[in-house]
Number of protein chains: 4
Amino acid sequence: MTISVAVSGATGYAGGEVLRLLTAHPDVQIGAVAAHSKAGQRLGDLQPHLHELADRVLTDSSVESLAGHDVVFLALPHGASGEIAAQLPAETVVIDAAADHRLESARAWQQFYGSEHAGTWPYGLPEMIVDPSGTRQRSRLEGQSRIAVPGCYPTGSQLALAPAVAAGAVEPTDIVIVAASGTSGAGKSLKPHLLGSEVMGNMTAYGVGGVHRHTPEIEQGLGWASGGKQVTVSFTPTLAPMPRGILTTATARLTGDVSAAAVRELYLEAYADEAFVHVLPEGQIPTTKATVGSNHVQLQVVVDERAGRLIMVAALDNLTKGTAGGALQSMNIALGLPEQAGLTQQGVAP
Amino acid sequence: MTISVAVSGATGYAGGEVLRLLTAHPDVQIGAVAAHSKAGQRLGDLQPHLHELADRVLTDSSVESLAGHDVVFLALPHGASGEIAAQLPAETVVIDAAADHRLESARAWQQFYGSEHAGTWPYGLPEMIVDPSGTRQRSRLEGQSRIAVPGCYPTGSQLALAPAVAAGAVEPTDIVIVAASGTSGAGKSLKPHLLGSEVMGNMTAYGVGGVHRHTPEIEQGLGWASGGKQVTVSFTPTLAPMPRGILTTATARLTGDVSAAAVRELYLEAYADEAFVHVLPEGQIPTTKATVGSNHVQLQVVVDERAGRLIMVAALDNLTKGTAGGALQSMNIALGLPEQAGLTQQGVAP
Amino acid sequence: MTISVAVSGATGYAGGEVLRLLTAHPDVQIGAVAAHSKAGQRLGDLQPHLHELADRVLTDSSVESLAGHDVVFLALPHGASGEIAAQLPAETVVIDAAADHRLESARAWQQFYGSEHAGTWPYGLPEMIVDPSGTRQRSRLEGQSRIAVPGCYPTGSQLALAPAVAAGAVEPTDIVIVAASGTSGAGKSLKPHLLGSEVMGNMTAYGVGGVHRHTPEIEQGLGWASGGKQVTVSFTPTLAPMPRGILTTATARLTGDVSAAAVRELYLEAYADEAFVHVLPEGQIPTTKATVGSNHVQLQVVVDERAGRLIMVAALDNLTKGTAGGALQSMNIALGLPEQAGLTQQGVAP
Amino acid sequence: MTISVAVSGATGYAGGEVLRLLTAHPDVQIGAVAAHSKAGQRLGDLQPHLHELADRVLTDSSVESLAGHDVVFLALPHGASGEIAAQLPAETVVIDAAADHRLESARAWQQFYGSEHAGTWPYGLPEMIVDPSGTRQRSRLEGQSRIAVPGCYPTGSQLALAPAVAAGAVEPTDIVIVAASGTSGAGKSLKPHLLGSEVMGNMTAYGVGGVHRHTPEIEQGLGWASGGKQVTVSFTPTLAPMPRGILTTATARLTGDVSAAAVRELYLEAYADEAFVHVLPEGQIPTTKATVGSNHVQLQVVVDERAGRLIMVAALDNLTKGTAGGALQSMNIALGLPEQAGLTQQGVAP
């Protein structure tokens, strides 16, 4: 079975990563490689690491370019996916790497994004526990033709917290997340604070005070896991001097309903059958570098009895598992392909 | 007035930074430059950035080498200061950059450091609020001849949290700190995870679960600020791919006793007269890079009404304000010199 | 056809990269994963990026462990391969990533490595032009059971210079190479100058004055290309603040026998049929990042008429094409497998 | 004596570094801090590391703003200095950090910069040997009121090569320079290849083929040193993943007129009395990090007898000695102040 795939937004970091992974997918034929303002240019000039595709010429990102493929990946700025998706045939599998279709609440969308809500699509985080009984999101992706790729921060935060929240081990209103992201999370936009001279040797925070757009997305997912309880998250993202990777440090107050040993067991069980989520042996701490270029997530969970909190540390590559890898994985599930197809790369380290 | 100064541990990062700052101090004459195993070597071979001192030959770190100076800086591994200090004359000003004399509680020392407690010296963090009435630690350093330099993490954490804790604006038992440090915080020790190949492009956590040694130190200082209440801190340090700098993200549950506007006002007032601690204008976020090589601290404080927490972000250079700069500043106060002498450098950016 | 492969030196950077690539090779079954001092440990503790192999237990690196495989990769310190190789069956394909078997001249070996010469094996750089008529090294690797993997610097330098040298376009005694390598080229050895705190934000040179061990290797290969003329290279390696990658800047005096336009044509023709060596379009400059994690080499060549020199710039990943990728490619050729098997990954960027 | 100083171009990297150094100058009062498009903004928003000047408000960069100061630093884009300088009083000391007034040859200016030549000012590189008898450029700066600050690459290249060229130790037409610069050398311009995501983990070259604008400047200076011989330089700049620093590797064919030992002696003598240029002991290699934030240059010189070339390695901070530090040093000389005033900082390492 060969699947024809188009990628829109091919000149950005997310689009480039989708293409990188697609070249390794055994069942995929890459069709249109589309970009808005760079149409007509050689891909090799803009994504020189995609050696195999260097001589591809970028098409425009019109519906005409994208239609006629089995799958279309949209790696566009937030707010641009809705209109295009609406014009693609219903049977085309559309995978949206932007935020447009992630949130169920039109009110939360309006509050955090300030535009009209484009609607809600199935959420592409297969391993996530989405109710107290341990149901996985995977089952909700099979056979779908519209999938919303999770945000990079929510991918790590939700995988880190969902088992404890679903089990009632932590208070869902006393959750603090501080996450450090590499700069590719901010895309290729030409902003002074993203210049190499500014970034190297520097750590800073942003979206301080609960205003980052991934906050309602994390609360939504943990709300599912909790079985509908109120979830409040204090989320502070920081910018780290590295191109890729997210290290999530999440802490939550222990309810006391689950013993320390049992909490760890929860996590081991939750991810025992997952190919991409690894609860590390005790004492080993996740490192973002171990996940670079791969679809793998490293996770550690420790009880801090002194402070009465559960500490979860998760590492992943924001562009791979956090965006393009998660997107391919969801495509595989939607199409009934082996879930790991095209995603067998190990991390690139050192 | 010329003060003769000896530095022990001159080949390490802390010792090197003390020397760097001393070369800029108008009242200081650098005497013995001592090192344990490298005695007899040329300083320029080991600290090539100290051009002015390149031809200095390292002496051994015996009491004989160090005695006879007005001031002795000890930049030694934890546990080594006590014995040397005991042999130096009482009138010699001894500034200990190690942890040995920071903690008041022998029990906490024993628990976190696992050796015998060497005693407690005045704590060298002049700007810190040390009781609910707003007293500064500065007053407790004047005229002292023994000073314990704070840890690098506690410097940022305590400056960030003390005003809110002292004012009762936050719950002292619901404090979460996640801090990212540059690698120099780990010293020059030859450990695989500190190799450049491992560190670059990588974020990881360590001391997960409340076991980092700076935890009791932070709780001790915030305990002073709170007027003796119980303080519990969940502290997770992370290692960032940069040589210098600490970005501290501290959050604490608001008590509701102080309004959002008043909390910000608290901070503006707390540091209005401080030369080295800067509460940034609203909307500007601290960056570690702005503080590199300087004794300055940048601070921002934001109320997250949604999560009911106060978010404090602090940036400083772990080697300067976090170690050697704080040490010189304390020396200046102890000796009655202008507090900023030798510390007028701005940050080195980009 | 399934080939069983053993890897000795599995805990180092070269060994880890061999394993990473082997997990993606369709015809390979990974057998013994051997290490000297770490035998008995879990691979996941030492190479956490190799998620798929995390639970493998390291064997010792004895001949007993390695024998019984179709292929053995040796990723050992220089000087250790000879003895082990001698004890492995003649029909076992042994690929030596160390320098031991690269040089033909026992005198040069003695001079630069200071030990006894272990002998000479076919040189594993398939795309290299090895005589003035344009013969490729590839043909000398088919069916071999002993292959010496080139050094990382020589891989870039020789691919950059051989076409011009073979064609007589440049003076073989007026060649200057300055190359910048990422830190993984120095391996995992615990040396102070390789600490992250030292490396980040720093460029330095080493082996200054023509004493680097790769100098005779480069001269040897270019000697082949020149048809036996004397070749003298001034080679200066530098250490760059990045984990992976080599950027080679080679310049050589033009003889005038070949026109500027013809020199470029030479390169385009030389690598037209190569899957892994890409002469970039005019104006596009190689970047190491485009090659990270891949077996690809980017090359540009420009005539500086003003200075009368040819300027060649080459980028590659020192661990992939510069070591492990070249090793797998040579294995594929030796065994008659498709040359690109297991090497289809694109670069990981940004 | 207090000197009033204005800085134009205060929001860029060069302007920021001039301000950073001026805050440490004992005789300087900082007057107008000017910027073109950012006039009216708070300096602290744009240069947050200049804590002491954070509340300064940027003025426009008109002649009116700048006039009335003893000294004016121009840190403007190339081509903008000429007009402003022409309108400033003749007695105002104008220090131009741009290229406009560096070249003597209007033809070379036209060829490399493509605009009309603004004229030639004394060249602000005091330590440079400018004729075969060993005269220093210093003597040509005393009492001057117009000074052209050298380019960052020429500063390192000329200090590295001038002693050998002046002594006839090397062929002035067989010089090859490959230099690696940190990204701040490219300024704050918003170009995709300067984004942190692109820069980190990456080395690339640019201006390949002898087209970089610093080429004629280096040839001009070495022409002075040679006593008017023809000088041809092959110069290739590369971009390194660090914010600051230039590592210059220069090689030149030995004439044989000077013995190996004598060449080293030449360098030791040439810089014996210089406070800022350090010929390192044999075996010690310059590192850019040792010079960060300082006005110091590290230099090593080695004879490669095998290749018949002299290898010179120089390290400096492109923004300090390479721009702003050199500018202050020249100002000091022009005004008859101590040459090292305001420039006593050591390097900031690690």
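Letters A, B, ... mirror the listed sequences (proteins, then strands); counts begin at 1.
- The two atoms that bring C/Ser197 and D/Pro350 nearest to each other are O-CB, 3.3 Å, heavy atoms only.
- Ranked by heavy-atom pairs under 4.5 Å with chain D, the list C/Thr249, C/Leu239, C/Val301 is led by C/Thr249.
- Each of C/Thr173, C/Thr204, C/Asn202, C/Thr215 has some count of heavy-atom pairs under 4.5 Å with chain D, and the biggest count is that of C/Asn202.
- Of the two parts of D/Gln284, neither the backbone nor the side chain holds a non-hydrogen atom closer than 4.5 Å to a non-hydrogen atom of chain C.
- With chain D as partner, the option from C/Glu219, C/Gln300, C/His193 having the largest number of non-hydrogen pairs under 4.5 angstrom is C/Glu219.
- With a threshold of 4.5 angstrom between heavy atoms, C/Pro286 approaches chain D through N, CA, C or O but not through any side-chain atom.
- Of the atoms belonging to D/Thr251, it is side-chain heavy atoms, and not backbone ones, that fall under 4.5 Å from chain C.
- Within a 6.0 Å radius of CD in D/Gln111, other residues, nucleotides and ligands contribute more than 12 heavy atoms.
- Between chain D and the residues C/Val176, C/Val199, C/Ile311, the most heavy-atom pairs under 4.5 angstrom are made by C/Val176.
- For chain D, the nearby part of C/Val313 is the side chain; its heavy atoms alone come within less than 4.5 Å.
- Interface residue C/Thr232: only side-chain heavy atoms are found under 4.5 Å from chain D.
- Using a 4.5 Å cut-off between heavy atoms, C/Arg306 contacts chain D through both its backbone and its side chain.
- A donor-acceptor contact shorter than 3.5 Å links the side chain of C/Lys289 to the backbone of D/Met200.
- Of the two parts of C/Ala205, the backbone and the side chain both hold a non-hydrogen atom closer than 4.5 Å to a non-hydrogen atom of chain D.
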Is there a side-chain contact (heavy atoms from CB on, under 4.5 Å) between C/Arg309 and D/Asp174 once you walk through the steps?
CA-CA 10 Å; C/Arg309 296 186 81 92; D/Asp174 192 347; 3.2 Å; yes

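- For D/Ala240, the side-chain contact (heavy atoms from CB on, under 4.5 Å) partners are C/Met203, D/Ala180, D/Met203, D/Met242, not counting sequence neighbours.
- Ranked by heavy-atom pairs under 4.5 Å with chain C, the list D/Val303, D/Thr288, D/Val233, D/Val302 is led by D/Thr288.
- Contacts of C/Thr238 with chain D are made by side-chain atoms alone, with heavy-atom separations under 4.5 Å and no backbone atom involved.
- Both the backbone and the side chain of C/Thr287 have a heavy atom closer than 4.5 Å to some heavy atom of chain D.
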